[in-house]
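Note that ligands are numbered from 1 as they come in the structure, with each ligand's atoms numbered from 1 the same way.
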Amino acid sequence: MENLLTHKQEIFSRLDTIYEQMEQACTLSARKLSDVNLMAVTKTVEPQRVNLAIEYGVKYLGENRAQELVSKYDDYNKDQVEIHFIGHLQTNKVRQIIDKVSMIQSVDSLHLAQEIDRLAMNRLGHPMDILVEINIGSEESKSGISADETEKLVTEIAQLPGIRVRGLMCIPPICENTAVLEHYFDQMHQLFVDIGEKSIDNVTMDYLSMGMSGDYFYAIKHGANLIRLGSAIFGKRKV
Ligand SMILES: *Cc1c(COP(=O)(O)O)cnc(C)c1O
């Protein structure tokens, strides 16, 4: 790693700007900044640079790939952070990450949930927190379930003793038109509120995870309380 001090200045100054934007979005939607949590998405970023975001005060790390998490895990300064898995997760990879994360945000099938349930009970001895991933734009290329199926899946997953459903997550389609994007975020928020009101056993709608580097302002405006930023913090990804 070349000059760590330069990286620190860059990352700190980007985070300053991000917090200003977050504050503006909160003001606009009459919310408190303290209600919105910032996650640093670490894919392709060296652990030393991830640790700079932690040093700044970021409390959540988001991991996309099981193998990458395993190889970087020991080098993170983990005392002050929660690590969440946010990428597409194959059932046979759950065992690699189950003891390294405090939440799996990308659950989109009963089959995957059953494997998390099994390993949480056997290996952790306590339930794993999860979010259900919604494919809010119904894009064929994306994982996640449709908005229509969400309540059914949440209800099924909620029966598993090794899982606690804590909310919803999405990656909306890339939208040229801000009004379209805002509509997707608004639909997510509605779903989040509706399911919360059903008071399903073992389900609490605590986290609405949406908003990335290009759209977090609008996500906050529509109720996101966990935003996931990669390039806005660390700069353009190499890969
Ligand atoms: C990469 C990624 C992000 C962050 O993307 P940026 O545009 O770099 O902020 C957020 N969420 C998920 C699930 C990702 O894979």
Let's go through D35 and N225 carefully: what are the C-alpha distance in whole Å and the side-chain angles of both, what is the deciding distance for side-chain contact (heavy atoms from CB on, under 4.5 Å) to 0.1 Å, and is it a yes or a no?
CA-CA 6 Å; D35 292 339; N225 59 20; 5.5 Å; no
When you check the gap from the basic side-chain N to the acidic O, do E149 and K152 get nearer than 4.0 Å?
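No, no charged N to carboxylate O under 4.0 Å.
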Salt-bridge present (K100, E63; N to O < 4.0 Å):
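A salt bridge is absent here (no side-chain N lies under 4.0 Å from a carboxylate O).
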Kindly indicate whether the side chain of [X], heavy atoms from C-beta on, has any atom under 4.5 Å from the side chain of [Y].
X    : Y    : value
I145 : T150 : yes
L153 : L110 : yes
R164 : T204 : no

Using a strict 4.0 Å cut-off to heavy atoms of [X], name the atoms of ligand 1 that fall inside it.
X    : result
I171 : 13 (C)
L229 : 9 (O)
S213 : 6 (P), 7 (O), 8 (O), 9 (O)
S231 : 6 (P), 7 (O), 8 (O), 9 (O)
I86  : 11 (N), 12 (C), 13 (C)
G230 : 4 (C), 6 (P), 8 (O), 9 (O)

From atom 4 (C) of ligand 1, work out which of E133, H84, K236, R228 has a heavy atom at the shortest distance.
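Looking at heavy atoms only, the winner is R228.
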For ligand 1, is M39 a contact, meaning one of its heavy atoms is under 4.0 Å away?
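The answer is no: ligand 1 sits nowhere under 4.0 Å from a heavy atom of M39.
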What protein heavy atom sits nearest atom 1 (C) of ligand 1, and how far away is it?
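It is K43 NZ, 1.3 Å.
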Please report which non-hydrogen protein atom sits nearest to atom 5 (O) of ligand 1, along with the residue it belongs to and the distance in Å to one decimal place.
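Answer for atom 5 (O) of ligand 1: M212 CE, 3.6 Å.
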When I157 is tested against each of L112, I200, V132, N202 for side chain to side chain contact (heavy atoms under 4.5 Å, CB included), which residue passes?
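The residue from L112, I200, V132, N202 that satisfies side chain to side chain contact (heavy atoms under 4.5 Å, CB included) with I157 turns out to be V132.
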